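First comes the structure, then the notes that go with it.
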2 protein chains.
Amino acid sequence: MSSTFRAVHQVARPDGAPGAEHFAVVEHPLPAVEPGTALAENIYLSVDPYMRELMDEEWPLHEPLGYGRAIGRIVRSEDPDLQVGDLVEHGGGWSTHALIQHGYGRVIRPAAGVATATYLSVLGATGLTAYVGVREILRVQAGEAVYISAAAGAVGGVAGQIAKLTGAAHVVGSAGSAAKVRHVVERLGFDAAFDYHDGPVAELLAKAAPNGVHAVLEGVGGDHLEAAIGSTREFGRIAWVGSISQYNHPDRPPAAPRNLYAVSDRSIHLRGYQVRHFMHLRQEAQIWLTPHLQAGRIVADEQIVDGFENVVEAFLGVMRGDNTGKMLVRVGEE
Amino acid sequence: MSSTFRAVHQVARPDGAPGAEHFAVVEHPLPAVEPGTALAENIYLSVDPYMRELMDEEWPLHEPLGYGRAIGRIVRSEDPDLQVGDLVEHGGGWSTHALIQHGYGRVIRPAAGVATATYLSVLGATGLTAYVGVREILRVQAGEAVYISAAAGAVGGVAGQIAKLTGAAHVVGSAGSAAKVRHVVERLGFDAAFDYHDGPVAELLAKAAPNGVHAVLEGVGGDHLEAAIGSTREFGRIAWVGSISQYNHPDRPPAAPRNLYAVSDRSIHLRGYQVRHFMHLRQEAQIWLTPHLQAGRIVADEQIVDGFENVVEAFLGVMRGDNTGKMLVRVGEE
């Protein structure tokens, strides 16, 4: 094994859209494995929209970036809970190796027929976000009409499939291209989808769900949230999990929905959530999702980029909406 | 009995604040009491902020105004459920008399020590709105900090008292004058209150509840809702029951809260509601509230104006915020 590892640093704070110039890859000596720690060689790294928010404050400059979910294999261990050879999911960020403190790595034993990468997509925080939204927050009921924005994205694609399996009668998605619209309907089984570039989102949604919707999973913000509010029926529910449209300009949020008052007027629940508040449902979600994955009733929709040198570009692509499904970077051999 | 009755008509649609010029009092012949109807002579009429919304569309021009809650006494009846002499609560609007269709009047038998007017305030839709907000939507728990806007208003004043009786540790209200602030604290038992003219609402609320609040009952909208969102803790709840600040300009809603994204970021529930969706809780609310009223633990905070000729001015006063507590108009003898 080499005596060094590579890590992505953030080297500048962006004003607006992030670019390659805000990052650098830096080589570091491998850290010492003290008692209570273990060293993992990473296999898959996750790149996610929420990281854009970390870039403004939480990620320090000129240090290896933390927080990002990853799967690695233990290569040295002074932690009795982690053995050399174990596959471990952890939050060590965009590095080829990670030193895992005791209690911060979770051993993965992939279920039969389930690929390792799935533990960063449908069986990871992404799938948990979708599961919490559809089943814990929205509590979608059989027969309901459901709208899911960013349906070709990592969370939206899983959420639509969960909604269908939960009995939703009509699941409508929005996505950013004709190809994504086809993907969402043909591969992920949405009942309908539209390209939000084809007109005002509110009008497109009203056409796709002419009787309104009972429940919405919204992660875009701006006019997508406004359209969601406009289409939600009396007593309807909106789970609002993020606002990718504003992450590049947190100081200049989009005009909040002009129709926000409908939330009061139609007795709507607008419930925000962050998956970090629902980690206690992780096991429940895995138990629910795994047999559906094994039976092919849920598609693990992933886009896997090869090579550690491509991690920043993969992230920038997610922020541009280039991806369909969960974007992962393969940085090592299983 | 006279052969005529008087009714308020709306004669023009306002553009902005309503005025006396939008209304007229018109004399009509008393209607025939057909089988299945009964005639009530009204005693109390309710004037409420939601009526401003009716003025834009629902209230027809040049007809007696419907929807308003009233209490009257039956003077003629062809309805076996309503007997001459019965006190009846109904939605017949701003008239001296009302013809009540079968099933649209509810007989009131005031509990010992409870004034008739109370059935249009704490025991009417106003008190039900407060009860639903605090106990059904917010589910306020013992020890929590609660913020209530428009605390000197009809709904807010009852809501604060219910929150205290439910065990809230710190109930903060906002109101529109120093006199109202004193009233809310000294007479209604709020723990703290501030005059929203004294500075930015968000700053005043942050000072009155420095650790944030668990639950909010909001009925003003605009910067009051923004302040509420800003002060709500992780997983906190906001019951949003109306938006009096925008009723005069429904086509120009106030800038929706610039901090709306905090609803997603702090996993807040923003739940809109209209009391018409919760009429099934009316009996539960009366059963809960009545003994508290009888024991003096809840103050029926009413402002009663005398004379049918003053009903429009009483309503305009509510829209200007002149009232403390529930504004009622006495138009007949009990």
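Bear in mind that the values here come from a model prediction, so they are computed numbers and not experimental data. Residue numbers begin at 1 in each chain, while the letters A, B, ... track the order of the sequences. Note that these values count all heavy atoms, side chains included, but never hydrogens, waters or copies made by symmetry.
- With a 4.5 Å cut-off on side-chain heavy atoms, Y273(A) and D265(B) do not count as touching.
- For a residue to count as touching a neighbouring chain, one of its non-hydrogen atoms must lie under 4.5 Å from one of that chain's; by this rule V263(B) touches chain A with backbone and side chain alike.
- Using a 4.5 Å cut-off between heavy atoms, L225(B) contacts chain A through its side chain alone, with no backbone atom that close.
- For E234(B), the part lying near chain A is the side chain, with the backbone staying farther off; criterion is any non-hydrogen pair under 4.5 Å.
- At a 4.5 Å heavy-atom cutoff, the contact between R276(B) and chain A is made by side-chain atoms alone.
- Classification of the W240(A)-Y261(B) ring pair by plane angle, with boundaries at 30° and 60°, yields perpendicular.
- The structure places CD1 of I238(A) at 9.5 Å from CG of L270(B), a figure rounded to the nearest 0.5 Å.
- In this structure, the portion of E53(A) lying under 4.5 Å from any heavy atom of chain B is its side chain and not its backbone.
- Atom OH of Y104(A) has 12 or fewer neighbouring heavy atoms from other residues, nucleotides or ligands inside a 6.0 Å radius.
- The shortest distance between side-chain heavy atoms of H269(A) and H269(B) does not fall below 4.5 Å.
- Checked by atom type and distance alone, the side chain of Q274(A) pairs as donor or acceptor with a backbone atom of S264(B) at under 3.5 Å.
- Heavy atoms from other residues, nucleotides or ligands lying under 6.0 Å from OH of Y67(A) number 12 at most.
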